[in-house]
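Notes to accompany the following structure.
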Amino acid sequence: MLRLATLAALFCLIATQARAEDVDYLRDVKPLLQEKCFACHGALKQQGGLRVDTVASLLKGGDSGAALVSAEPVESLLIDVLTGDAGFRMPPEGEGSPLTDDEISLIARWIQAGAKAPENEEPQTDPRAWWSYRPIADPAVPTPKDGVWRASPIDAFIAAARDERDLTPRPDAPPAVWLRRVHLDLIGLPPTRDELLAFLKKDSREARERVVDDLLARPQYGERWGRHWMDIWRYSDWYGRRASNEIRYSQRHIWRWRDWIVNSLNADKGYDQMIREMLAADEIASDDPAILPATGYLGRNWYKFDRNVWLFDTVEKTSEALLGLTLRCSRCHDHKYDPITQHDYYRFRAFFEPHDVRIDPVSASVPTETDNNKSKVLADGIPRIFDKEIDAKTFVFRRGDGRYPDEDNPLTPAIPAIFGGEPVAIEPVDLPPGAYYPALRPDVRRTFVEQADQQIAELTEQLADARAAVETATANVEKARLVAAEKENGDSTAASDFLNDDFSKPQPNVWKTVSGDWAYEKGHLVEKAVASFATIVTQQNHPTNFQATLLYVPLQPGTYRSIGFSFDYQDQGNSQDVYTSTGDARQSVQAFHRTGGKQVYPQAGIVPTELKVGEPAELLVTVRGTQLSIDLNGERKLDYVLPIKRQPGKFALWVHAGSAEFHSLQISELTESLDDLERKLRDAQHAVKLAELKLKAGQAERDAVNARIAADVAEHFGTDEAEQQRTALAASKAERIAAALTAEETVANAEHQLAELQASKADVASIEKLEKQLADVRTKLESAKTAVETPDGKYTPIGTAYPKTSTGRRTALANWITSPSNPRTARVAANHLWNRHFGRPLVDTTENFGLNGRLPTHPQLLDWLATELIRNDWKLKPLHRQIVLSKTYALASTPDDDQNNGKLDPENRFYWRANSRRMEAELVRDSVLFLAGQLDLQRGGPDIAPDQGDKIPRRSLYFRNTPNTKMAFLETFDVADPNACYRRRESVVPQQALALMNSNLTAARAPLVSDSIQAAESSTASDSEFIDAAFETILNRLPTEREAIRSLTFLTEQTASTDAANQKDLRSQFVHVLLLHNDFVTIR
Amino acid sequence: MSNSYPCGRVPRRQFLTDCGMGFTGLALSAMLQKDGFGAAPETGHFPNGKPLFAPKAKSVIWFFMLGGTSHVESFDPKPALTEHAGKTFDESPFGKAITESPYYRKNVRDFAGVPRDLMPKIYPLQIGYRKRGESGVEVSDWWPHLSECVDDLAIVRSMWTTDNDHAAQLQFHTGRHIFDGFFPSVGSWVHYGLGTLNENLPQFIVLGGPPGDCCGGVGAHDGSYLGPEHSGVRMNLDPNNPLAFGRPPGNVTMQQRRTQLDLLRDLNELTAVEYPDDAALRARIKSYELAFRMQAAVPEVVNLADETEATQKLYGLDKAPTKTVASQALTARRLVERGVRFVQIYHDGWDAHSKLKQNHTTKTQQVDQPIAGLLKDLKQRGLLDETLVVWATEFGRTPGAERSDGRDHHPYGFSVWMAGGGLKGGVTHGATDELGFHAVEHRHYVTDIHATILHQLGLDPHALEVPGHKRLEIDFGQPIHEIIA
């Protein structure tokens, strides 16, 4: 855009196109001055001694003389500063965009024409006199013309304002409409048909009171209104990078704050108390785990990468949501409309400067998970606020930029000066022990001991099992000795067959294919896939000691042609194996094993052997304990000690990188030799010894836990120094005793393993390795024993200790916000409440009660509601009750016949009828599930993944909602944007139509709704009866005659047959249509 | 309807903000006017579904390379890198020009409070480059197909941004650093400012996966305070399921659905008798018809089998590396042909901290032919004049090496190109210094790209303001007049 460089050019413009008389000061000029200039040259500030809010003050001018000279634009300083010809330009850089040439021209033309002023022009009112800075009044209740509107103050205020405007109220809505309205409003679910029919039988004032009291007492009230307050308070589940468990915004376990909101509302906790707890529970209820989650309100603003972003949000959203105050505008400069300075902004921030977030433990038994830093974090806990840096300094940021703090002028906390300046005495808070040492809170501390007890109970049981095993093993040995004595031959072998397969036909009850292409051909089992470990596996575990004889022929396809079997098979990555390889380059017979997915080929297991493709091979393998031998075609090839522990497992046949034909396989169990049985007995005896040691260690661990707790308690909660030393010494000793016992157990285990390995004639390398390990653990045991003898008072604390005091700043702020004399808090709350009952607030700009916000439509009513809220100890339920039982709330939402109201007040700002509204997203989903009889009313708990919305029928508020992750169905219906949602949107978009038509939520539930309607009716219900029931269930009203006829046409005309299945299907389709009906998602 | 307006918004145009209807937000008013319902919108107020002045372009196709494409090895080749390879900046003749530049560190807002290292050891070009086309614009050899189109490209070589981490992805789309929060994305502004050309399709469509949660996520195509109806609608390339909830469950026939919707319309109309002034009800009736038609229209758009073999080959639909982007590019053409205003295509994986050569070889192979194919195809169909194609990335990559064989993030200077839509072709605009470090001539912040697009669409960014949501001057940007034909 071209900018006029000179006044001369400006004059050309005036001269050529101007007709001065077409400029109107009030219409064209004053709004420009107001927008661009009043902030610095008006009632609030008079920079340079100049006001520009009246023509008179412009003529009078300021320190630089008159701002305008009538009929002389060229002589007028105003024009010079707007064009920049004065050598500087207004508005100053960064304080608003310059006026356009057209706009300057307008002003110049007005001056040219004589700068005519309106008569009696009033200067701008002092912003400090703006309604929302003045105290809340307790207004007298007016007397409307019609007596029925005098029954409740709410109705009186509404009716009086309506009277002034000659508006005539609509009659009451039909009872059914009222009932649906109040149900959805208070609990977020429609009435059941039974509830509807019962209500219709006896509608009365008393009946309505009973309905309302019942609904307010239901726990679903807290969920419904909790969701509203979650909108206003910006509830957000954490987000960042879920895949790597990295939190960037909000907090882990923030759902505890959501549950606190729901519970607090259900308990009808005062709104003031809720605010105090959200801002400062860590100071006023600092060791109460039921209340601390309230500070999730602040924890929600946490942002990993920038503390200033976090605190900007905290300051700005707190002031908007709770005070209707747009502090945001003052982050960079003084507020343009409200009497708020940049200084005020940062002094408000100072209340929050010291605070930070931490996670308190809830129990010792909560497992940990790994976050993106590989740190262990608790899988559950309480995210809560605490003052971490008591002395943190606050500075004004120049232009709101955190890189340029005004470090010469540290600020103390204060409320904005307009509200009274230095307000509140800030008293530091001495925290109770449970607050600064949460692991020692009795309920958490107990779990540490419980966990140790639990451990002891398990170890005791293990010891008993071990002792029983010794008895069994002893009996087996004695029996075997008797048999041996009788037979004089102790080493009997072959006994029963485990498996005998000639592979002539499939035996699916024996074998299961894991991979590969296995087939039975010409009486043999063949595998020709040339795959990586084509495998079949037995369904049953094989005997521990066995002899297997496998007869097979390696075929040509393949390279390695490795053919063999696994035993002790767990899966393809964990087994012991024997095979032959008839490879092109090399042939061998081998033993190896697989562990943790890796194949390990010990040198000792490899026996090069000549083998040929096409020649049958007979593999005879004997496995007894850790001993393995291989005979190939009748010749002993290998005697081998299995290098990894035996374990029960399956038997698997496999072919790797080759193909083969299997002819037969026999596996028979080897009865255990006396040697085996004696070794088992030794193992069992050793196991008892280990279990005894473990139990002792477990008991010592419990002693250590108790001693550590006692030492922690003395250290942190006590003052007796001698006691502190004594308990620390005891804890130190107890912890070391436990450690020494554990070390002893490790040594005993290593000794036993070594003895067994030596007895089994294992290879030297393995023995040496174990010997070295044994030496290591013995050294450790020795130093552990030494440590026991020299306790020094050092021990592991049970948990983390935090600062013992809090600044009290946030308590002070909360006390000011919730003071009955605060001119904003109760008004803002009442306005939020009104908005959600009536679908429109009394002040349109719910987060901005300032000079740039809207005026209240009913200022006196707003003040009355605010006063009433405070009178009720800030309890919300009494106010809900008064509102929903008012006549105003009961009005019909239909238009008036003569449309007089519609002409006078088309937007229904004065409540001549009720507003029809669209259901919020959660109501749509919850209602569908509710009608289908599926809604799970379980309350609370961790957030549920949003992609489970269709599968898990919990209420919608329990599903994860972040700025980036929302349930798709809910998103379609304008679910809250967690970044800011003081009011919900009510869009109507085609995606909603698609979602209702095609989502599984509705498509799969329509038949269920239909079934439940049908089930409630008699089995012979006619289509007409069904239609009535469906309307009453889904839309909570009967169909009109025309609706009924049209519906009947749908059910009857589509088919000639009266087939029951078809009828059922049609009825489901009809129900689905009612779920698509405008009035299902609409609250009339 | 007149009882509501959305989160945190002060309504200017009551009829719109209250209803916020239709994919365009204007659908309702259009619907109502056609039906003779509803109050006429306040006349003259913008946006009202019409450009402010005669537009050059009707639609935008926006390719965005997530991760940061190397500018020096793409559209701004720097032989000095090879010449001085292995030296530090200070050992080269350019050291002072870099670190003593008024731009050095000045604009960057460090993520996590930690400035990134300078990466001062000069890393040679990993690929050759040549003059291309009649214009002789230099482009690297990693872009052989696009090089054939160079005479249609307007390359801006002097971009800068302020985020040195990948949230610059969000910034490129909203104009704001992630520390400032979320704002309407460029596509949503276009959507907000312009009316619909085809009621059966969403008007702002997103293909490919958006940035991660860390980097702005869906914020890169979100409507923010303009409202969700101005957000990009994600579409899959699967013809069976291209749109969320876009397809009836398996057992429902279209005929059944039609019969149901006929009943629904009649029932809703009967309710409308009782509530004759209920605009939401009117809109909902209409929305079901729209949705029904959309179900049919959307699968048709993504059905690429309709295209000739020659066309499919032109985009590279027949080859594995190019198949995905080819489908997206070809779908984009089919969408703009049908009047869709803004098609946003994300392509991920350019963040070559190491193995840059391998990474960019692979990545350029995936996108080069499909994007070039699109340009050629648009041109041969006479659509390039009215379609503005944009290729952008969140930042460039450092002239110096990070570790041994990669480059780090580089917000100080990088390249973006645009083509068609009334822009000049075969031109470069702006320049970085000899090493490609600082944008030194005709510097452009990311919103200048937005402003250029809006200008070509007949919109003035300054007219795009919502009361209660003040925009800064830098948010509006300035159209780059030098590249406008």
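For the numbers below, each heavy atom of this structure counts, side chains included, while hydrogens, waters and symmetry mates do not.
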Quiz item: Is it the side chain or the backbone of B/R257 that comes within 4.5 Å of chain A heavy atoms, both, or neither?
Solution: side chain
Quiz prompt | Toward chain A, the part of B/D262 with a non-hydrogen atom under 4.5 Å | solution = both
Quiz item: For A/R1042, does the CZ atom have more than 12 heavy-atom neighbours from other residues, nucleotides or ligands under 6.0 Å away?
Solution: no
What's the spacing between [X] [atom1] and [Y] [atom2] if we round to 0.5 Å?
{"X": "B/L281", "Y": "A/D1079", "atom1": "CG", "atom2": "CG", "answer": "7.0 Å"}
{"X": "A/D977", "Y": "B/D222", "atom1": "CG", "atom2": "CG", "answer": "7.5 Å"}
{"X": "B/R247", "Y": "A/N998", "atom1": "CZ", "atom2": "CG", "answer": "9.5 Å"}
{"X": "A/R241", "Y": "B/C215", "atom1": "CZ", "atom2": "SG", "answer": "7.5 Å"}

Quiz item: Just by distance, with hydrogens left out, do A/Q899 and B/D277 show a side-chain donor and acceptor under 3.5 Å apart?
Solution: no
With distance as the sole test, does [X] use its side chain to make a donor-acceptor pair with the main-chain N or O of [Y] at under 3.5 Å?
{"X": "B/Q260", "Y": "A/Q1069", "result": "yes"}
{"X": "A/Y303", "Y": "B/F179", "result": "no"}
{"X": "B/N268", "Y": "A/N1078", "result": "yes"}
{"X": "A/N964", "Y": "B/V218", "result": "yes"}

Most chain A-contacting option - heavy-atom pairs closer than 4.5 Å, from [options]:
{"options": "B/G216, B/A244, B/G217", "result": "B/G217"}
{"options": "B/H462, B/E274, B/R265", "result": "B/E274"}
{"options": "B/D180, B/L261, B/D165, B/L270", "result": "B/L270"}

Side chain, backbone, both or neither of [X] within contact of chain B (heavy atoms, under 4.5 Å):
{"X": "A/R909", "value": "neither"}
{"X": "A/N848", "value": "neither"}
{"X": "A/R248", "value": "side chain"}
{"X": "A/S1047", "value": "both"}
{"X": "A/R918", "value": "side chain"}
{"X": "A/F969", "value": "both"}
{"X": "A/T965", "value": "side chain"}
{"X": "A/E246", "value": "neither"}

Quiz prompt | Best-contacting candidate, A/V309, A/L1074, A/L996, against chain B by heavy atom pairs under 4.5 angstrom | solution = A/V309
Self-check item: Residues which pass side-chain hydrogen bond (donor to acceptor under 3.5 Å, both in side chains) with A/E971, listed by chain and number, not counting sequence neighbours
Solution: none
Exercise. Taking the side chain as every heavy atom from C-beta outward, state whether B/V233 and A/Q991 have any atom pair closer than 4.5 Å.
Key: yes
Quiz prompt | B/D266 and A/E1043, any side-chain heavy atoms less than 4.5 Å apart | solution = no
Looking at every non-hydrogen atom in both residues, tell me the closest pair between [X] and [Y] and how far apart they are.
{"X": "B/F245", "Y": "A/L994", "result": "O-CB, 3.4 Å"}
{"X": "A/P895", "Y": "B/Y275", "result": "CD-CA, 4.3 Å"}
{"X": "A/P990", "Y": "B/M294", "result": "CB-CE, 4.0 Å"}

Quiz item: Does the pair B/T271 and A/H1077 meet the rule for a side chain to side chain contact (heavy atoms under 4.5 Å, CB included), with working shown?
Solution: CA-CA 10 Å; B/T271 300; A/H1077 196 288; 3.3 Å; yes
Quiz item: Are A/D401 and B/R109 close enough for a salt bridge, meaning some N to O gap below 4.0 Å?
Solution: no
Practice problem: Apply side chain to side chain contact (heavy atoms under 4.5 Å, CB included) to the pair B/V252 and A/M997, showing each step before the final yes or no. | Solution: CA-CA 10 Å; B/V252 179; A/M997 274 158 39; over 6 Å; no
